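As structure tokens, the structure follows; a few thoughts come after it.
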Amino acid sequence: MNIFRLVGDMSHLLAIIILLMKMWKSRSVAGISGKSQILFAIVFTTRYLDLFTSFVSIYNTSMKVFFIGTSYVTVYFIYQHFKPTYDSNHDTFRVEFLIVPVGGLAFLVNHEFSLLEILWTFSIYLESVAILPQLFMVSKTGEAESITSHYLFALGSYRALYLLNWIYRYYFEGFFDLIAVVAGCVQTILYCDFFYLYITKVLKGKKISLPA
Amino acid sequence: KKEARVKDEL
């Protein structure tokens, strides 16, 4: 463990807590893409199957349980509990255009042709594009609540910090995973536009309005 | 520099 990965995981944890608090306090899921949240639930489910087969640490296991659990609670909030506030008319990204290519790529490009490894690879590739429905929704509605912007900033920061973690691990531990690094770069690049708007607007008290 | 067999990252 290193400071970059720890802060990255905390940023990821914070993002999830911000989202849940927004939903619970405002009793609304307005502006949140249910499709992205479903993709995140798939990401965690396919990535953490080793939860039962290999034990790394209490931290690792508890974080995995938390991420899987909260991802399903979030999907439940959107599609059941707060369904009347779900804005399905603006959440129209065709996720099959993500899942099919990512599934095919995971099948072709992976470290080992085994079920667990292909599912892990699928999860890594899927996570890199899972935020697209959410960013698409923000661009369609033309704006995002500031709490949603904070959620996206924390979520985008987590993988950017993981990039620093991989640089650190490469030089100090000789650890290198090309698949995770490439997907992490794609994932972080997708947030660049948002990061720019967040830093230039939200931090000055303005609202975000992605070009519609 | 193969990646660690056991996935220790989240």
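We use all heavy atoms of the structure for the numbers below, so side chains are in, but hydrogens, waters and symmetry mates are not. Remember, it's a predicted structure, so these values are computed and weren't measured experimentally. Chain letters run A, B, ... following the sequence lines, proteins first and then strands; every chain starts at 1.
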Can you tell whether the side chains of B:Lys7 and A:Glu117 come within less than 4.0 Å, N to carboxylate O?
yes

More than 12 heavy atoms from other groups under 6.0 Å of OH on A:Tyr59
yes

In Å and rounded to the nearest 0.5 Å, what is the CG to CD distance from A:Asp177 to B:Glu9?
7.5 Å

Under 4.5 Å to a heavy atom of chain B? For A:Asp9 that would be side chain

Can you name the closest pair of heavy atoms from A:Phe67 and B:Leu10 and give their distance?
CE1-CD1, 3.8 Å

Side chain / backbone / both / neither for A:Phe44 at chain B, heavy atoms under 4.5 Å
neither

Determine whether more than 12 heavy atoms belonging to other residues, nucleotides or ligands lie under 6.0 Å from atom CD1 of A:Ile58.
no

Between A:His12, A:Arg5, A:Glu173, which has the largest tally of heavy atom pairs under 4.5 Å with chain B?
A:Arg5

